[in-house]
Amino acid sequence: MKQEVIKSLQMAFESLKTQWGIDSIPEVEVEIPRDEKMGDFATAAAMKLTKILKKPPRDIAHEIVSKLSEQSSGLFESIDIAGPGFINFRFNKDFFRNQLKALLKGDEALLSSDIGKGQKIQVEFVSANPTGPLHIGHGRGAAVGNALSNILEAAGYEVEREFYINDAGLQINLLGQSVYARYQQQLGNVIDFPEDGYKGEYIEAIAEVINEKYGNKYLDQTFDECGGPVTEFAYKMMLENIENDLKDFGVIFDRWQSEKDLHENGMVGKALDSLKDKGLLFEEGGASWFRSTEFGDDKDRVVKKKDGEFTYFASDISYHKNKLDRGFDGIIDIWGADHHGYMQRIRSVLEAFDLPKDKFRVILIQMVSLLRHGEPVQMSKRAGAFITLREVVEEVGPDITKFIFLTRKADSHLDFDIDVAKEQSAENPVFYVQYAFARISSIFRLAEENGLNSAGNLNNHDIDFSVLQEDEEISLIRKLLQYPMVFEGAAIACEPHRITYYLQELAGVFHSYYYKHRVISDDIQLSLARLSLCKGVKIILEQGLKLLGVSAPEKM
RNA sequence: GCGCCUGUAGCUCAGUUGGAUAGAGCAACUGACUUCUAAUCAGUAGGUCGGGGGUUCGAAUCCUCCCGGGCGCGCCA
């Protein structure tokens with residue numbers, strides 16, 4: 001729909017070029033006006049040209065409009081000049097009706113997009129340490145990462161969803177020690193709990209499972225002796241829990257990349273070697289450093305400590321090198337905002353490995369404050385006092401939880417009040433959207449009973465769309481046709497929340513229409529045309545909800 | 001001290017990358033169920049876009065300086 005306007009404007013500019021005495025035509029930008037009454041599309045081109053042409057914007061607008069009317073494509077009902085020099089376009093109704101027909105025939109361009117052109121893109125998200133259950137913040141990352149992946153996929157990218165497992169290093173070791181200590185305690189041994197150990201109940205649970213499975217096998221062993229298998233068991237069980245939590249939240253990953261594997265396969269050393277070959281490593285104070293200042297970082301970063309151990313950053317270098325080696329055209333990392341200080345470092349690494357700047361993108365997910373009755377819930381993983389994602393999902397439900405996460409842009413803080421999410425469930429925006437879908441489904445059930453078979457008839461009969469005359473019907477089609485633009489915008493900006501808002505608007509236009517006009521009536525032709533319109537709404541609602549990972553129920 | 005995010009209606013948030021009279025939902029108030037689902041609809045009210053200055057035809061949006069909130073600045077992971 002947007003393309004038609006742009007094309008017309010480009011043609012007009014082309015023929016005005018000589019008259020204006022400019023070499024190339026200006027870039028054409030069109031927007032959807034805030035108020036539907038202004039038109040379907042608007043351009044501020046005349047105002048932007050005023051500086052170059054040294055003429056008042058309204059004069060320029062007049063020249064453009066008269067050129068446009070010479071072209072008279074017949075697409076537009078009206079082209080007006082308004083305000084300081086906006087040009088407003090209004091499509092004629094047949095254009096809308098034809099587009100609706102195209103949507104129902106399954107015109108892909110109205111549902112998806114090919115801006116991705118098959119490029120391979122990797123989206124890494126959640127990537128929580130497997131040392132405890134997922135909390136609500138991880139849930140937000142999961143919801144956004146999942147929706148974004150879906151959107152990019154629909155936009156023609158080949159997407160891989162990946163979870164990076166931090167299964168090497170001190171934290172995992174601490175997990176093992178904590179479980180070991182609980183195991184000993186459960187079997188009656190008096191043993192000190194590690195000072196910084198994980199104190200949550202889940203640690204006890206893991207210890208119990210070890211007890212059930214292996215009995216007192218490790219009872220007489222020190223941690224030095226049995227730390228390996230105990231730690232491995234603990235972390236695998238933890239990882240399994242995480243995977244299940246995500247699955248029950250409706251988020252599935254394509255690939256789980258282990259940090260430990262990178263070490264064991266020598267990838268870390270290799271990655272550093274290739275930096276060395278580029279002359280980007282140096283030795284100082286017995287440690288190895290990456291010259292990240294070369295790429296705009298504040299200071300150079302240690303990759304190998306003086307005790308010979310790799311830093312965490314070294315694994316990340318190797319991990320991102322690994323991503324590049326796997327042939328991705330673009331890399332998107334979704335991190336908690338508390339990791340933002342890490343961004344420039346990774347950016348430097350990827351630049352060192354020759355990835356163009358615009359191919360790497362970090363989406364920071366701001367903190368979630370969990371509230372109950374308006375009071376903040378204190379969260380501390382170490383102390384074990386926190387509410388898990390699972391608890392929230394079980395209490396509030398996955399659809400509401402996801403929808404709330406996706407109704408805000410990622411980089412703003414979010415208050416998640418469990419009681420508000422639950423108590424207002426009847427007024428919750430997610431139901432507003434789902435209800436529109438359920439209502440349409442209900443209409444189709446009735447249509448079925450009345451012999452207006454939805455699927456069959458709507459496809460086989462030559463339905464006369466010209467009976468769709470009501471303003472609300474045209475508004476509804478107009479809204480439907482905005483979907484590809486919204487969707488593309490969401491993909492380009494990596495902002496799933498745009499879809500969430502759009503769906504609410506679409507549902508709103510539909511509810512309003514529903515209240516005012518009856519779909520099924522004695523007039524068969526009209527009924528069929530209106531059913532077709534509803535079908536169109538249903539298709540878009542379903543598609544949008546699918547991208548968000550939210551269910552579309554036939555009944556509510 | 002430096003860096004990132006943030007401040008928009010009583011509350012929770014959008015604002016199409018600089019455009020027209022700043023928008024939703026909740027809460028408040030008025031109305032609408034004999035109809036394909038009232039989890040809905042129609043309407044009223046609610047604003048110094050944190051504050052000052054600047055850039056220009058035009059600023060919630062860009063620059064700058066203040067004020068407030070969150071987070072981060074290890075040879076930790």
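In what follows, chains carry the letters A, B, and so on, assigned in the order in which the sequence lines appear, proteins first and then strands, with residues in each chain numbered from 1.
In this structure, a donor-acceptor pair under 3.5 Å is present between the side chains of A:Ser315 and A:Glu259.
Between A:Tyr502 and A:Tyr483, the ring centre distance stays below 6.0 Å.
Counting any heavy atom pair closer than 4.0 Å across all strands shown, A:Leu414 reaches sugar-phosphate atoms only and no base atom. Within 4.0 Å of A:Ala168, counting heavy atoms only, lie sugar-phosphate atoms of the nucleic acid but no base atom. The residue A:Lys54 sits apart from the nucleic acid: no heavy atom pair falls under 4.0 Å. Across all strands, A:Tyr432 comes closer than 4.0 Å only to sugar-phosphate atoms, never to a base (heavy-atom distances). In this structure, A:Asn88 reaches the bases: a heavy-atom distance under 4.0 Å links it to at least one base atom across the strands shown. Residue A:Ile520 is classed as a base contact, given a heavy-atom separation below 4.0 Å to a base. Within 4.0 Å of A:Glu284, counting heavy atoms only, lies at least one base atom of the nucleic acid. Counting non-hydrogen atoms under 4.0 angstrom, A:Met343 reaches nothing in the nucleic acid. Using a 4.0 Å heavy-atom cutoff across all strands shown, A:Asp307 reaches no nucleic acid atom at all. Using a 4.0 Å heavy-atom criterion, one finds that A:Asp338 contacts the sugar-phosphate atoms exclusively. A:Thr407 comes within contact range of the sugar-phosphate backbone alone, with a heavy-atom separation under 4.0 Å but no base atom that close. Within the nucleic acid shown, A:His511 comes within 4.0 Å of sugar-phosphate atoms alone, with no base atom in reach, counting heavy atoms only. Among the atoms of the strands shown, only primed sugar atoms or phosphate atoms (P, OP1, OP2) are found under 4.0 Å from some heavy atom of A:Leu170. A:Gly336 comes within 4.0 angstrom of nothing in the nucleic acid, heavy atoms only.
Although no hydrogens or angles enter the test, the distance criterion places a donor-acceptor pair under 3.5 Å between the side chain of A:Tyr501 and the main chain of A:Thr407. Panel note: side chain A:Ser551, backbone A:Pro553; no donor-acceptor pair is recorded below 3.5 Å.
Under the 30°/60° scheme for interplanar angles, the aromatic rings of A:Phe295 and A:Phe290 are found to lie parallel. Ring pair A:Phe13/A:Trp20 is tilted by interplanar angle, where 30° to 60° counts as tilted.
Between the base of B:rA42 and the side chain of A:Tyr515 there is no donor-acceptor pair shorter than 3.5 Å. The base of B:rG69 lies close enough to the side chain of A:His413 for a donor and an acceptor atom to sit less than 3.5 Å apart.
For B:rC75 and B:rA60, the P atoms lie 45 Å apart once the distance is rounded to whole Å. As rounded to the nearest Å, B:rC67 and B:rC29 have P atoms that lie 42 Å from one another. Taking atom P in both B:rU61 and B:rA22, the straight-line distance is 15 Å, to the nearest Å. If you take atom P in B:rU16 and the same atom in B:rG53, they sit 25 Å apart, rounded to whole Å. With both ends at atom C1', the span from B:rA59 to B:rC49 equals 11 Å, rounded to whole Å. B:rA24 and B:rA14 have their C1' atoms separated by 7 Å, with the value rounded to a whole Å. Taking atom C1' on both nucleotides, B:rA9 is separated from B:rG46 by 6 Å, rounded to a whole Å. Comparing the P positions of B:rC66 and B:rC2 gives a spacing of 9 Å, expressed to the nearest Å.
The nearest heavy atom of RNA chain B to A:Arg445 and to A:Arg498 marks one nucleotide each, and the one closer to the 5' end goes with A:Arg498.
Summarising the local packing, CD of A:Glu283 is surrounded by more than 12 heavy atoms from other residues, nucleotides or ligands at distances under 6.0 Å.
Pair check for B:rA39 finds none; no Watson-Crick or G-U wobble contact set falls under 3.5 Å. When both distances must be under 3.5 Å, the Watson-Crick or G-U wobble mate of B:rA28 is B:rU44. The partner of B:rC71 is B:rG3, by the rule that a Watson-Crick or G-U pair needs both atom distances under 3.5 Å. Nucleotide B:rU34 forms a pair with no other nucleotide shown, judged by Watson-Crick or G-U wobble geometry with both contacts under 3.5 Å.
Summarising the geometry, the separation between CD on A:Gln504 and P on B:rA24 is reported as 12 Å, rounded to the nearest angstrom. Taking atom NZ of A:Lys516 as the reference point, atom P of B:rG43 lies 9 Å away to the nearest angstrom. To the nearest angstrom, P of B:rG74 lies 14 Å from CG of A:Asp300. Protein atom CZ of A:Phe431 is 15 Å distant from nucleotide atom C1' of B:rG25, rounded to whole Å. Taking atom CG of A:Leu503 as the reference point, atom C1' of B:rA24 lies 14 Å away to the nearest angstrom. Note: CE (A:Met556) to C1' (B:rA38) measures 13 Å, nearest angstrom. Following rounding to the nearest Å, A:Lys409 (NZ) and B:rA14 (P) show an atom-to-atom distance of 5 Å. Straight-line distance from the NE2 atom of A:His340 to the P atom of B:rC71: 11 Å, rounded to whole Å.
Checking B:rC5, B:rA22, B:rA77 against the side-chain heavy atoms of A:Gln366 singles out B:rC5 as nearest. For A:Glu495, the side-chain atoms get nearest to B:rG15 when compared with the rest of B:rG74, B:rA20, B:rG15. Nearest to the side chain of A:Met367, among B:rA77, B:rA14, B:rG70, sits B:rG70. With B:rU16, B:rC36, B:rC13 as the candidates, the nucleotide lying closest to the side chain of A:Val519 is B:rC36. Relative to the side chain of A:Tyr342, the nucleotides B:rA42, B:rA77, B:rC75 differ in distance, and B:rA77 lies closest.
Of the options A:Leu446, A:Leu528, A:Leu526, a side-chain contact (heavy atoms from CB on, under 4.5 Å) to A:Ile520 is made by A:Leu446 and by none of the others.
The side chain of A:Lys305 places no N or O atom within less than 4.0 Å of a non-bridging phosphate oxygen (OP1 or OP2) of B:rG74.
Distance check, rounded to the nearest 0.5 Å: OG of A:Ser112 to CD1 of A:Ile151 gives 13.0 Å.
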